[in-house]
Amino acid sequence: MAFAAAFLAGAINSVAGGGTLVSFPALIWLGLNSVTANATSTVAIWPGTVGSAWGYRRELRDAEPRFRWLIVPSLVGGITGALLLRWTLPSTFDRLVPFLILFATLLFMAQEPVQRMLKTADAEAHKSTKWLVGALLFQLGVGIYGGYFGAGIGILMLAALSILGLDDIHEMNSLKVVFGGAINGIAAAYFIWARMVYWPDVLIMAVAAIAGGYGGAGVARKLGRTAVRRIVIAIGFGMAVSLFIKK
């Protein structure tokens, strides 16, 4: 179950984000407490970022240099969120989890309306310093949320890239993979240092996530965004309902 969940999560993350909606609940169902499951999922799924980034190497090569600034708030936010998780009692996080998954799923559903709203402004205005500062602050918030929980950060990052005027979904996905990798990477490093990870599940899930992440980037171009979005939404709602029932 852990291998299959991680493979699917890696593929979903490379396509549209939301892979944590699969890997995290799977670990809870395997018996881990919610804080340990979240930390373990973050560490296990992160290697999939490498596979996804390689799959999107063409788009990353063509991306504008100004987007690299978003790495900074990604790292700062990621470690801040990881610290917040470390200070949260497992019993408190248990109560928050179904709501966090439901929020991430609803956020995913709202992605396209949000992007359309953001594109109502002049595209050239999105390239100004004011818009860049706004995107940096937004990405900081995304990083904090991502370091704390993680599910849904792909959707939030796509919104941040829309703020900066991007509209090519493949280019946006490539940058999302890098920034998400920075957020989850620094959070994962902290979780390892703080001994919050259950290692037996990490190793098998890491291999699966890499395979899923690399394969998912190619599948994204063939399967189509609409089909992938529907799959992620169905999984998100299913996991939220199952955890509400379990609670």
Side-chain angles (χ1 to χ4, degrees), residues 1-52 78 81-105 108 145-154 180-181 183-213 216 231-247:
M1 182 178 180
F3 184 92
F7 183 90
L8 185 57
I12 289 172
N13 279 338
S14 72
V15 177
T20 305
L21 292 171
V22 178
S23 59
F24 170 64
L27 288 171
I28 289 180
W29 281 101
L30 287 172
L32 299 184
N33 72 62
S34 58
V35 170
T36 302
N38 193 35
T40 300
S41 175
T42 298
V43 174
I45 299 304
W46 182 83
T49 305
V50 178
S52 297
L83 288 168
L84 289 173
L85 179 66
R86 181 70 177 87
W87 297 330
T88 301
L89 293 174
S91 58
T92 301
F93 197 65
D94 283 341
R95 291 192 292 271
L96 290 175
V97 162
F99 296 100
L100 288 169
I101 291 179
L102 183 60
F103 168 75
T105 306
F108 191 83
Y145 170 74
Y148 186 75
F149 182 53
I153 60 171
I183 293 170
N184 290 327
I186 195 166
Y190 176 76
F191 294 149
I192 292 170
W193 178 83
R195 298 181 180 180
M196 297 168 64
V197 177
Y198 183 69
W199 285 103
D201 285 332
V202 166
L203 300 178
I204 189 170
M205 291 179 75
V207 173
I210 292 172
I231 292 170
V232 174
I233 289 169
I235 291 172
F237 276 123
M239 291 299 183
V241 169
S242 68
L243 290 174
F244 272 118
I245 293 172
K246 187 176 181 180
K247 186 175 71 168

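Below, all heavy atoms of this structure are taken into account, side chains as well, without hydrogens, waters or symmetry copies. In this chain, numbering begins with 1 at the start of the sequence shown.
Once rounded to the nearest 0.5 Å, the distance linking OG1 of Thr42 with CD1 of Ile183 reads 11.0 Å. Distance CZ/Phe93 to OH/Tyr148: 5.5 Å, rounded to 0.5 Å. Here the CE-CG distance, from Met205 to Leu27, works out to 4.5 Å after rounding to the nearest 0.5 Å. Taken to the nearest 0.5 Å, the CZ atom of Arg95 stands 11.0 Å off from the OG1 atom of Thr88. In this structure, CG in Asn38 is found 6.0 Å from CZ in Phe191, a value given to the nearest 0.5 Å.
The two residues Gly147 and Ala187 have their closest heavy-atom pair at CA-CB, 4.1 Å. For the pair Ala39 and Met196, the tightest heavy-atom approach, listed with the atom from each and the gap, is CB-O, 3.5 Å.
With Thr40 contributing its side chain and Tyr198 its backbone, the two residues share a donor-acceptor pair below 3.5 Å. No donor-acceptor pair closer than 3.5 Å links the side chain of Ser41 to the backbone N or O of Ala37.
Between Phe149 and Tyr145, the ring planes are perpendicular. Angles over 60° get that label, and only those under 30° would be called parallel.
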